[in-house]
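All of these numbers come straight from a predicted model, not from anything done at the bench. Heavy atoms only: backbone and side chains are in, while hydrogens, waters and symmetry mates are out. Naming convention: chains lettered A, B, ... in sequence-line order (proteins, then strands); numbering from 1 in each chain.
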2 protein chains.
Amino acid sequence: MATERPDLAAMLYPLVRELIALELPVLAAHDVSMWGYSVLTALDDTPVRTQAALAEAIGADKSRIIGTLDELQQAGLIERTPDPADRRARLLSITPQGRRVRRTVRKEIQAQEEQVLTSLAPADRKTFVRILQELHDAR
Amino acid sequence: MATERPDLAAMLYPLVRELIALELPVLAAHDVSMWGYSVLTALDDTPVRTQAALAEAIGADKSRIIGTLDELQQAGLIERTPDPADRRARLLSITPQGRRVRRTVRKEIQAQEEQVLTSLAPADRKTFVRILQELHDAR
DNA sequence: CGCAATCATATGCTGGCGCTTACGATAAGC
DNA sequence: GCTTATCGTAAGCGCCAGCATATGATTGCG
């Protein structure tokens, strides 16, 4: 059958696992968890008004990320400020230190990612990333 | 920063989750688990000589897939035959029924996948799949 | 023949995740 | 003022995966 190809998930899943496996030591070296890094990444883009909104934005469970937020706050990487307009909610923002950590981590992670893509021709590499970004932005 | 892009994992992970979420009802409709489908896929390509080798080939835990193999065998989708050359081992193969089920499921899954990719231009779609396959084959 | 290795199997432990419920504090709407 | 909704928090439940250990049967090697 000339139209046979593996399922996308079957091809992507091991790739994602590989990428995550590469990330973990980088994150560990900076004392940041995967969810912690996701939080920092989201907040680096924009502050968020409630923890529930942040959890939803990064695909986390609102109960489960509380511990993560506690740690990040403890480490001085984020701030949680009661919203003066609604005292049920807490404004979440990244600290300058958090921003530095996040950007350092990202730089190292993306260097690792380039390694994974070395088997591709440079044009394919660029195209792959462009397409991924399109798919990501279309969600 | 013009060189800023999201991490690959950050882009791929939600995509994989989406694809898996699409697969689950298809698999459920055919009474096959995700690991079961992985087993069928692997055996559709080639029989395997030991359960441990199969587990390794699909990235599963050799103990944990025993239940899955039991179910597949019970459902008549695979066969386990003692290896006459080494009675510790069991030759694993897919039955004609298993092959039919697997190919039906794959067809439906890949139709779903095409839906996910509709936001891409057709040329990009082909390129994306080609690149993924290259990355997959390079492992 | 004895020992180490291999195979399938069963099971335990741990941690993570998804989802849910419940609670106190706060806010919005009628 | 009362009811419903929202927020953060805590905790429970069930499932799953990763990893490890143990066992009996079998095999290969010295």
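Considering only residues two or more places apart in sequence or on other chains, B:F128 meets the ring pair (Phe, Tyr, Trp, His ring centres under 6.0 Å) condition with A:F128.
Of the residues in residues 18-53 of chain B, B:T50, B:Q51, B:A52 come within less than 4.0 Å of DNA chain C through at least one heavy atom, sorted by number. Listed by residue number, the members of residues 61-71 of chain B with any heavy atom below 4.0 angstrom from DNA chain C are B:S63, B:R64, B:I66.
Residues A:L54 and A:L69 have side chains in contact (heavy-atom distance under 4.5 Å, counting atoms from C-beta outward).
With values rounded to the nearest 0.5 angstrom, B:H136 atom NE2 is found 12.0 Å from A:R5 atom CZ. The distance from atom CZ of B:R102 to atom CG of B:L72, rounded to the nearest 0.5 Å, is 13.0 Å. Expressed to the nearest 0.5 Å, how far CZ of A:R99 lies from CG of A:L40 amounts to 10.0 Å. In this structure, A:R130 CZ and A:L135 CG are separated by 10.5 Å, a value rounded to the nearest 0.5 Å. Distance CD1/B:I94 to CD1/B:I78: 9.0 Å, rounded to 0.5 Å.
To the nearest angstrom, C1' of D:dT9 lies 14 Å from CD of A:Q73. Atom CG of B:L92 is separated from atom C1' of C:dC7 by 12 Å (rounded to the nearest Å). The distance between atom CG of B:L72 and atom P of C:dA8, rounded to the nearest whole Å, is 15 Å.
Nearest heavy atoms, B:E113 versus A:L8: OE2-N, 2.7 Å.
Contact annotation: A:R17 side-chain N/O to D:dA17 OP1/OP2 distance is not under 4.0 Å.
Applying the salt bridge (Lys or Arg N to Asp or Glu O under 4.0 Å) test to pairs two or more places apart or on separate chains, those with a residue in residues 47-74 of chain B are B:R49-B:D83, B:R49-B:D86, B:D70-B:R80. Applying the ring pair (Phe, Tyr, Trp, His ring centres under 6.0 Å) test to residues at least two apart or on different chains, none of the pairs has a partner in residues 74-108 of chain A.
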So which protein nitrogen or oxygen atoms get under 3.5 Å of nucleotides 24-30 of chain D's nitrogens or oxygens?
| residue | atom | partner | partner atom | Å |
| --- | --- | --- | --- | --- |
| D:dT27 | OP1 | B:R87 | N | 2.9 |

